Amino acid sequence: KVVAVIMVGGPTKGTRFRPLSFNTPKPLFPLAGQPMVHHHISACKRISNLARIFLIGFYEEREFTLYVSSISNELKVPVRYLKEDKPHGSAGGLYYFRDIIIEDSPSHIFLLNCDVCCSFPLPDMLEAHQKYSGMGTMLVIKVSAESANQFGELVADPATKELLHYIEKPETFVSDLINCGVYVFTPEIFTAIQGVFTNREDRANLLRVSSFESLQSVTRTSLPTDFVRLDQDILSPLAGKKLLYTYETTDFWEQIKTPGMSLKCSALYLSQYQFTSPHLLATGDGSRNASIIGDVYIHPSAKVHPTAKIGPNVSVSANVRVGAGVRLISCIILDDVEIQENAVVMHSIIGWKSSLGRWSRVQADGDYNTKLGITILGEAVTVEDEVVVTNCIVLPNKIINGSVQEEIIL
Ligand code: GDD
């Protein structure tokens with residue numbers, strides 16, 4: 001049997017995702033019309049002998065209750081949310097729930113970071129892992145040398161694929177091969193995490209018998225004793241010990257820390273639907289339906305006027321109303337938004353219950369890597385008729401009655 005664990009973090013993480021994370025936990029923010037974590041869960045469904053999926057985080061339980069029960073029913077696989085009382089780190093969180101995770105005596109445990117977007121080649125990873133016969137195999141990818149320092153950089157043996165060297169977000173360049181935040185482990189991972197605790201206790205005892213002065217300086221700077229990071233505390237020390245191996249993907253992979261990246265990842269998932277879920281992509285026949293260009297998702301409850309023109313890379317959520325002559329390009333329109341006649345939305349995310357007036361424009365230059373590269377309207381923002389909003393972030397409940405550019409509207 002195999003189980004999968006998805007680390008979803010909590011409200012104190014994901015702060016760069018504001019204002020979109022104000023009322024929806026980031027893992028449930030829709031990409032290509034489905035909650036972020038839905039893409040992980042449906043990838044896990046492709047693993048044979050999958051017994052269960054756990055989401056581990058420190059968000060309030062009620063925020064996940066509805067989602068977890070509906071996805072369990074839809075995909076016919078038990079999905080359960082396990083709430084930490086406080087953050088324990090990426091490995092500490094896993095360890096905290098070890099008894100529940102190994103209840104079914106799984107031979108393998110997948111561990112996935114929630115804030116990554118990828119094709120999740122999990123069955124291929126498992127096959128490679130069984131061939132290497134180590135304790136764990138991690139998904140890795142080559143990125144540009146300039147961007148590598150935002151991730152865990154690593155060196156692997158080109159022939160055996162063994163992880164030889166691992167360093168988390170180094171200041172000086174080590175390698176353009178990076179950690180994707182997707183792993184498969186044998187249950188021995190729990191012994192390795194236990195080893196970190198034992199080491200820490202031994203060190204603390206050693207310090208206790210040395211000077212009081214140095215003990216004080218250590219306790220001031222060190223992390224809580226039950227906080228274990230998978231990267232620094234496990235991967236780095238265990239590299240080069242024939243325990244950890246790498247599986248390189250040549251498919252798409254991105255990290256989702258900012259709203260801009262969610263727009264880019266929405267495009268990646270929409271284009272993946274062509275192969276995995278073509279029924280989710282909108283088709284327009286040009287007469288009864290709106291004109292559709294490229295990959296577009298439209299929720300069945302949305303009402304779109306037949307003269308609207310939509311795409312590429314557009315996701316339209318539940319109960320959205322799109323008026324006559326509206327043009328939507330590269331955007332995410334969240335639940336209950338109203339877009340009136342002849343409005344244009346381009347490179348933007350429109351928050352829940354917002355309303356855009358006639359002939360208004362909400363737009364940006366579409367540079368996903370800069371803070372104001374896409375326009376974001378928080379929940380219940382009103383843009384009045386003929387107003388143009390360019391490269392802005394607008395916090396919830398604002399009324400915009402004059403054109404604005406390059407501004408954060410608080
Ligand atoms: N449940 C829980 N509890 N989840 C956590 C906790 C915690 O205490 N801390 C982090 N997470 C979750 C986050 O939500 C995220 O999905 C994942 O664990 C990793 O988060 P971080 O530890 O903050 O690391 P990171 O995202 O900056 O970088 C990691 O992922 C990169 C790939 O996206 C590292 O492993 C990098 O090496 C890697 O390149």
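Source: prediction; values computed, not measured. Throughout, residue positions are numbered sequentially from 1 according to the sequence presented. Numbering of ligands and ligand atoms starts at 1, following listing order.
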Are R321 and D336 close enough for a salt bridge, meaning some N to O gap below 4.0 Å?
-> no
Taking only non-hydrogen atoms of F58 and a 4.0 Å limit, the atoms of ligand 1 in range are 3 (N), 7 (C), 8 (O)
Could you tell me which non-hydrogen atom of C118 sits nearest to which non-hydrogen atom of Y269, and how far apart they are?
-> N-OH, 3.4 Å
Give the atoms of ligand 1, by number and element, whose distance to some non-hydrogen atom of K257 is under 4.0 Å.
-> 25 (P), 26 (O), 27 (O)
Just let me know how N113 lines up against ligand 1, side chain, backbone, both or neither, with a heavy-atom cut-off below 4.0 Å.
-> both
Salt bridge flag under 4.0 Å for residues K353 and D335 | no
Logged contact type for Y59 with ligand 1, heavy-atom cut-off 4.0 Å, is neither
Relative to ligand 1, is Y166 under 4.0 angstrom through side chain, backbone, both or neither, heavy atoms considered?
-> side chain
Name of the residue among I376, T258, I374, L31 meeting side-chain contact (heavy atoms from CB on, under 4.5 Å) with L263 | I374
Non-hydrogen atoms of G93 versus ligand 1: any pair closer than 4.0 Å?
-> no
Heavy-atom proximity to atom 3 (N) of ligand 1 ranks first, among E84, H88, E168, for E84
With backbone taken as N, CA, C and O and side chain as the heavy atoms from C-beta onward, which portion of V8 lies under 4.0 Å from ligand 1: side chain, backbone, both, or neither?
-> backbone
Criterion ring pair (Phe, Tyr, Trp, His ring centres under 6.0 Å) on Y95 and F197, from CA distance to verdict = CA-CA 11 Å; Y95 188 79; F197 292 127; 5.1 Å; yes
Which ligand 1 atoms, with their elements, are less than 4.0 angstrom from a heavy-atom of G57?
-> 1 (N)
For K309 and R327, which heavy atoms make the closest approach, and how far apart are they?
-> O-NH1, 3.1 Å
Checking heavy atoms under 4.0 Å, the part of D231 that sits near ligand 1 is side chain
Does the ring of Y245 carry K161 above it, NZ/CZ under 6.0 angstrom from centre and within 45° of its axis?
-> no
Heavy atom under 4.0 Å from ligand 1: found in Q150's side chain, backbone, both, or neither?
-> neither
Check ion pair D233-R200 (N to O, under 4.0 angstrom) = yes
Proximal ligand 1 atoms for K169, defined as those under 4.0 Å from one of its heavy atoms = 25 (P), 27 (O), 28 (O)
Can you check side-chain hydrogen bond (donor to acceptor under 3.5 Å, both in side chains) on N401 and E384, steps first, answer last?
-> CA-CA 5 Å; N401 51 18; E384 295 197 335; 4.7 Å; no
Any idea which heavy atoms bring S354 and A380 closest together, and the distance?
-> OG-N, 3.6 Å
How close do Q340 and V326 get, heavy atom to heavy atom, and via which atoms?
-> O-CG2, 3.2 Å
Partner of V304 under side-chain contact (heavy atoms from CB on, under 4.5 Å), chosen from I292, N289, I298 = I298
Which atoms of ligand 1 sit under 4.0 Å from any heavy atom of P87?
-> 8 (O)
Would F97 count as a contact of ligand 1 if the rule is a heavy atom under 4.0 Å away?
-> no
Where does Y183 meet ligand 1, judged by heavy-atom distances below 4.0 Å: at the side chain, the backbone, both, or neither?
-> side chain
For Q255, counting its heavy atoms only, list the atoms of ligand 1 lying under 4.0 Å from any of them.
-> 26 (O), 31 (C), 32 (C), 33 (O)
Residue pair F22, W352: steps toward the ring pair (Phe, Tyr, Trp, His ring centres under 6.0 Å) verdict = CA-CA 11 Å; F22 278 159; W352 309 265; 9.9 Å; no
Ligand 1 to F151 polar contact by distance, N or O atoms, under 3.5 Å = no
Is the shortest N/O to N/O distance between C180 and ligand 1 below 3.5 Å?
-> no
Do ligand 1 and G181 have nitrogen or oxygen atoms that lie under 3.5 Å from each other?
-> no
Atoms in ligand 1 flagged as close to V116, the criterion being non-hydrogen separation under 4.0 Å | 33 (O)
If we number the atoms of ligand 1 from 1 as shown, the ones under 4.0 Å from a heavy atom of M7 are 1 (N), 2 (C), 4 (N), 12 (C), 14 (O), 16 (O), 18 (O)
